Participant: 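Let me begin by handing over the structure; questions about it come next.
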2 protein chains.
Amino acid sequence: MEKTEALNTLAALGQETRLDVFRLLIKAGPGGMCAGAIAEHLQVRANTLSTHLSALSRCGLVHAARDGRSITYSARIDQMQNLILYLMRDCCDGKPELCDPIAGALVGFDQTDASGPTSRF
Amino acid sequence: MEKTEALNTLAALGQETRLDVFRLLIKAGPGGMCAGAIAEHLQVRANTLSTHLSALSRCGLVHAARDGRSITYSARIDQMQNLILYLMRDCCDGKPELCDPIAGALVGFDQTDASGPTSRF
DNA sequence: TCCATATTTCGAGTATTCTCGAATTATGGA
DNA sequence: TCCATAATTCGAGAATACTCGAAATATGGA
């Protein structure tokens, strides 16, 4: 990811409704949620939500797929991955002070919803 | 880090001049740079930069320290760390699809400016 | 075909953000 | 004390973002 894309992605997430949408879609899992359900869940008007979904889609954070009359949106975790990697290496120059503690924290995760064992290394 | 702070931090970085400032300060290292030098380097007016520095400071991304007539700003890499950890665990629920590839990428870093050996594990 | 549902697009109003010149505050040195 | 330098605060203008009602588009079913 290069700077401009990172900038757009950061700006997209730096808005409350959009961050809420993304978090909701993450929790919804790979199946995603249709626009109406998101709007209902977050108490946002359909047209306002549509604008935000469009912004999230434009920067690759969500994926849209028509499913009959409704459109299902799902979070693109790989784009979040790209953003985080950008922040760690391009933005922060791969500084060990940044990366080491994160690497450490990754090992210590306790996941509430995952099915597999705790360690992933 | 909780949601509101993450939101402010994301919004702060989602603006070109501020992202540039942060990146510049990261490259400057722990010693930081004084406001004038940053303004000169990025070709931004002093008062405009001051507004952005204030925003970065408010969300904890930079630290200010008066040094005689000038004020030295330095990047707070721990706050970037907190943001990344928020994105990985609170925002993305610690999904393995997100975390595993990042963990993998961390091991593979080749650092250009670090003095120590490549491996940090 | 006609109607209902789901979502988006359009246009306008309001709010927020960004930038700038001018004025102000703070510090150090003559 | 007086002046020069460094940075911030103030106030205003322009641009951008956010939200909303209304209208348009798309799909599925009677």
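Below, chain A is the first sequence line, B the second, and so on; all start at residue 1. This structure is a prediction, so every number in the text was calculated from the model and none was measured.
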Participant: Is there a side-chain polar atom (N or O) of A:Y73 under 4.0 Å from OP1 or OP2 of C:dT8?
Facilitator: yes
Participant: Taking all non-hydrogen atoms of both residues, which atom of B:F22 and which atom of B:M80 are closest, and how far apart?
Facilitator: CE2-CE, 3.5 Å
Participant: How long is the straight-line distance from OG of A:S74 back to CE of A:M33, given to the nearest 0.5 Å?
Facilitator: 12.0 Å
Participant: Rounded to the Å, how far apart are A:L42 CG and C:dT7 P?
Facilitator: 13 Å
Participant: I'd like to check the side chain to side chain contact (heavy atoms under 4.5 Å, CB included) partners of A:L7; sequence neighbours left out, ordered by chain and number.
Facilitator: B:E16, B:L19
Participant: CG of A:L61 to CG of A:N8: how many Å apart, nearest 0.5 Å?
Facilitator: 10.0 Å
Participant: Reckon B:S50 touches a base, only the sugar-phosphate, or nothing at all at heavy-atom distances under 4.0 Å?
Facilitator: base
Participant: Please list residues of residues 56-65 of chain B whose heavy atoms come under 4.0 Å from any atom in DNA chain C, ordered by number; otherwise none.
Facilitator: none
Participant: For residues 44-55 of chain A, which side-chain N or O atoms pair as donor and acceptor with protein atoms under 3.5 Å away, sequence neighbours left out?
Facilitator:
| residue | atom | partner | partner atom | Å |
| --- | --- | --- | --- | --- |
| A:T51 | OG1 | A:N47 | O | 3.2 |
| A:H52 | ND1 | A:R18 | NH1 | 3.3 |
| A:S54 | OG | A:R58 | NH2 | 3.2 |

Participant: If you fit an axis to the five pairs at each end of the helix from C:dT1-D:dA30 to C:dA30-D:dT1, how big is the angle between those two axes, to 10 degrees?
Facilitator: 20°
Participant: Which residues in residues 20-38 of chain A have a heavy atom closer than 4.0 Å to any atom of DNA chain D?
Facilitator: none
Participant: Rounded to the nearest 0.5 Å, what separates atom CD in B:Q43 from atom CG in B:D20?
Facilitator: 12.5 Å
Participant: Does CD belonging to B:E97 count more than 12 external heavy atoms closer than 6.0 Å?
Facilitator: yes
Participant: Indicate for each nucleotide in nucleotides 18-30 of chain D, in 5' to 3' sequence, whether protein heavy atoms under 4.0 Å reach the base (B), only the sugar-phosphate (S), or nothing (-).
Facilitator: SSBBB----BB--
Participant: Between A:Q81 and A:I84, does the side-chain contact (heavy atoms from CB on, under 4.5 Å) criterion hold? Intermediate values first, please.
Facilitator: CA-CA 5 Å; A:Q81 210 179 94; A:I84 292 177; 5.9 Å; no
Participant: Ignoring hydrogens, what is the shortest heavy-atom contact between A:G14 and B:L10? Give both atom names and the distance.
Facilitator: CA-CB, 3.8 Å
Participant: Distance from B:L25 atom CG to B:T72 atom OG1, nearest 0.5 Å?
Facilitator: 10.0 Å
Participant: Could you tell me the separation between the CG atom of B:L49 and the P atom of C:dT19, rounded to a whole number of Å?
Facilitator: 11 Å
Participant: Can any side-chain N or O of B:R89 pair as donor or acceptor with the backbone N or O of B:C91 at less than 3.5 Å?
Facilitator: no
Participant: Please report the shortest heavy-atom distance between B:E2 and B:Y86, naming the atom on each side.
Facilitator: C-CE1, 4.2 Å
Participant: Kindly indicate, with the supporting measurements, whether the criterion side-chain contact (heavy atoms from CB on, under 4.5 Å) is fulfilled by A:N82 and A:E5.
Facilitator: CA-CA 10 Å; A:N82 290 334; A:E5 190 178 2; 5.9 Å; no
